[in-house]
Every structure is written in C-alpha cells, then in structure tokens.
Amino acid sequence: MDKPLKPDLQFAREIIKAGGESLKKCYQCSTCTVVCNLSPDDKPFPRKEMLYAQWGLKEKLFKNPDIWLCHHCGDCTAYCPRGAKPGEVLGAVRNLMIRNYSPPSFLARWVADPKYLVLLFLFPILLFLGELYLLGYFTGTEIPRGPNGEIAYSKFLPAVPWIDVPFMAAAAFAVICFYLGAKKYWLDLTEGVELKRKDIYNCIYETIKDILLHRKFQLCSLNKGRTTGHLLVLYAFIGLTITTSIAAFYEWVLKWYSPYPQTNIVKIIGNISGIALIIGMLYIIANRSKNAVKQGIGSYFDWFLIVVILGVGITGFMAEILRLADAGVFAYASYVTHLVFVFVLFTYAPHSKMAHMVYRATAMVFAKTVMRQESIKQKEAA
Ligand code: SF4
Ligand code: SF4
C-alpha cells in the first residue's frame, strides 16, 4: 500500500524562496500540461509537479525524472491563465535538487544566494593573488617576457605548478561531486522501478545524440530561438575543451609554451570557440529579455551561471587583445581575472546551473530505459 502523503510546508516555502514564488496561484487547470511539447502522454507534466510543489512533496519531486525532462522553454508559463509560472517553479525545484544531490550542499546554497557572491569569488582571487605574491610580483620582481620581448602569460604564471595544480584540483573536485550526485540521483530514480530496456549503453548513446542535436529544445514553441544560443554555447565549450587539450599537449609533451602564433590550430579553434561562446550567451540573454514578460526572466541562480560564462568569454578575449596590444599591467590583470572566472565556472559547476548537464542527462537516460518518452519520439519524428 502507498504511504499516505504528508504535506511539507517548509519545503514548499523553500521552493518559493528558490524562485517559485508564484506556485500558490496554480488552480490545476492543466493548460500547462496540454501546451508542453516535451510532456509524455503517460503521467504528463508539469501540472502534477505544481501540485507536488504546493504540498511540498519533496520525495515525489526529487525522485521524478520529469523535473529534468523539462527544458525550461517557458511555453507553459506563457499560457498559464493564472500566472503561476510552472516553468519557473520547476526551475526552482531543479535548483533545490542540485542542493540535495551535489555534495557539499552548502556550496549549492551559496551559489543560489547573492549574499555569498563575494565569498565565492574571493577564494580564487586570494588564490591567484597569493601565487603572484609567492612569485614576488608584489615586491618588485620584474615580470618575465617572451623571446621577442612580448607579453607571455606562460612566463608570467608558469603552468607548472601555478596553473595546473589549482585547475586540476578544481576539475577533480567537480568530477567527484558530479559522480556522487549523479549516482545518488540514479539510485533514487531507479528505486523499485523496472528498467524496461537493458541496453543502457545504447540509451546513453541516444541521450548524447539528443544533447548534441538539441532535439528536445527544438520541440519548444514560443521560445524556439533559444536553441541557437544554447547550441552555440555547447559547441563553444566542446571547442574550448579541444583547445585546452591541444595546449596541454604542446606544454606537457612538446615543451612548447604560449604565446602561439594566431595561425596555429590552438589559436584558431580557441578564437572561434570564444566568439561562439560570447555570441551564444548574448543570444541567450537577448532571448530571455525579449520573452521576460510572458515566460519569466529566470532566477538569480540562472543569472549567476550566465554572468560567469559571459565573464569567461569576455575576459579571455580581453586578455588576448591586451596582450597583442602590449598593454602591460592591464593585460596581466585581464589574464588573472580570466583565471578567476574560469576557476569559478569549473569549481562550482556541480553546484550551479551548469549541473543541469549531468542531472538532465541522467534523467534522459533513465526516461529511455523505462521507455517513458515514447510519445515524445513520435513528436520529434513528426
Ligand atoms: S500552472 Fe497554470 S496552467 Fe498549469 S495547472 Fe496550474 S494554473 Fe493551470
Ligand atoms: S518550461 Fe517548457 S518544457 Fe518545461 S514544463 Fe513548461 S512547457 Fe514543458
């Protein structure tokens, strides 16, 4: 027999605080479920999630793949006759899920609260300033330059140990947090559930294809434009990962250090990816602003990630342009600011909205294994 449901008003209040302030307006008309193109025919969303949220049914929400199958397109919010903003409510629940699954939970709470913004940035700022202090730059040591007297960041802050150690530590921390979070979420999703498809690797492969093509985004109606921005950012990150790998190969294997000529493959891929990143983010911001009245502008938690990614792109380009312009201290300051933004992005990835990559992918794989999304496939094919 099912356990009796117990409302948890404290949890409902947490959803409201996390950005779901409109949730009490819902009167269960189901318009949102009808307009949502990502909602499967059996047990569709988000009407039922609005009810769970009003009652604070934490377990029903957290063990529910639909929270992540929602791609926050805002169609439901635009059509809701009560202004209950179901898209924003689901976004708030996702925020709380990240807090629940990604350890340590206090970091996700800090990322979601403007009160801790300075503290989150203070850590990498002090870290890199500390490195500069140890290298003697604050006590009159001259900044080394490249062979032709040009600015060379690899000489200013050599990769080993000053860059590689903190960034490898940050990457290891993020991977461990993601692994623990995704494992806990998967165990919650699969508890007492029959996995109808056993070909889990095929489900993972299909999920990766869905993500690379952004198939689900394309099903959104009013907000189709966001697909372009999201795809640009996704491929920019892939390009920047390739750039970093090639640069690491140059440094670790060939012992060839930056700056590299603008015609080198590492610069070409890096510059194209950087431009794609900035354009993609501006596209996302413009799209959000354009649809703000109908579909909601998003929470502080959403904007934290937007600003950090944009900061990574802009400071990266500034560091390059100011280096080429031989702008001395301004170039070095841009470079250190860029390192701070990249550090913030990676270290807090499991606790910021960036975590959607992992939790949404986990929910998508689960949905395929239980054949939850068969009716969506038909919409995709149509
Ligand atoms: S969120 Fe809005 S559209 Fe959805 S059931 Fe509630 S009132 Fe209706
Ligand atoms: S935001 Fe979009 S995907 Fe999410 S429930 Fe609403 S209509 Fe569906």
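If you read the sequence from its start, that first residue is 1, and numbering goes on from there. All ligand and atom numbering here is 1-based and tracks the order in the structure.
- Set against the non-hydrogen atoms of Tyr27, the atoms of ligand 1 under 4.0 Å away are 6 (Fe), 7 (S).
- Checked against the 6.0 Å centroid threshold, Phe341 and Phe121 count as a close aromatic pair.
- Ligand-side atoms of ligand 1 in range of Thr31: 3 (S), range being under 4.0 angstrom from any heavy atom.
- The protein non-hydrogen atom at the shortest distance from atom 8 (Fe) of ligand 2 is Cys36 SG, 2.3 Å.
- Checking Tyr250 against Asn264 by side-chain atom types alone, a donor-acceptor pair falls below 3.5 Å.
- A heavy-atom separation below 4.0 Å is not found between Pro86 and ligand 2.
- Ring geometry for His214 against Phe217 counts as parallel: the plane angle stays under 30°, on a 0 to 90° scale with 60° as the upper cut.
- Other residues, nucleotides and ligands place no more than 12 heavy atoms under 6.0 Å from the CH2 atom of Trp55.
- At a cut-off of 2.8 Å, Cys26 coordinates atom 6 (Fe) of ligand 1 through an N, O or S atom.
- The 12-atom threshold is not exceeded at NZ of Lys6, counting heavy atoms of other residues, nucleotides or ligands nearer than 6.0 Å.
- Atom numbering of ligand 2 starts at 1 in the shown order; those under 4.0 Å from a heavy atom of Leu38 are 3 (S).
- Nearest to atom 7 (S) of ligand 2 among the protein's heavy atoms is Cys76 N, 3.4 Å.
- Residue Pro46 places a heavy atom under 4.0 Å from ligand 2.
- No option in Phe173, Phe123, Tyr348 other than Phe123 meets the ring pair (Phe, Tyr, Trp, His ring centres under 6.0 Å) test with Phe343.
- Counting non-hydrogen atoms of neighbouring residues, nucleotides and ligands closer than 6.0 angstrom, the CD atom of Gln262 exceeds 12 such neighbours.
- Close contacts between ligand 1 and Cys29 involve ligand atoms 3 (S), 5 (S), 7 (S), 8 (Fe) [criterion: under 4.0 Å to a heavy atom].
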Evaluate the side-chain contact (heavy atoms from CB on, under 4.5 Å) criterion for residues Leu157 and Tyr332: first the C-alpha distance (whole Å), next the side-chain angles of each, then the deciding distance (0.1 Å), finally the verdict. CA-CA 10 Å; Leu157 211 50; Tyr332 293 115; over 6 Å; no
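- When Cys70, Cys73, Cys32, Ser39 are ranked by how near their heavy atoms come to atom 4 (Fe) of ligand 2, first place goes to Cys70.
- Contact atoms of ligand 1 toward Pro81: 3 (S) (distance under 4.0 Å to a heavy atom of the residue).
- Protein heavy atom at the shortest distance from atom 2 (Fe) of ligand 1 is Cys80 SG, 2.3 Å.
- In this structure, a donor-acceptor pair under 3.5 Å is present between the side chains of Tyr359 and Ser102.
- Tyr79 OH: 12 or fewer foreign heavy atoms inside a 6.0 Å radius.
- Close contacts between ligand 1 and Ser30 involve ligand atoms 5 (S), 8 (Fe) [criterion: under 4.0 Å to a heavy atom].
- What sits closest to atom 3 (S) of ligand 2 on the protein, heavy atoms only, is His71 N, 3.5 Å.
- For ligand 1 and Arg47, the ligand atoms under 4.0 Å from any heavy atom of the residue are 5 (S).
- Using a 4.0 Å cut-off to heavy atoms of Gln28, the atoms of ligand 1 that qualify are 5 (S), 6 (Fe).
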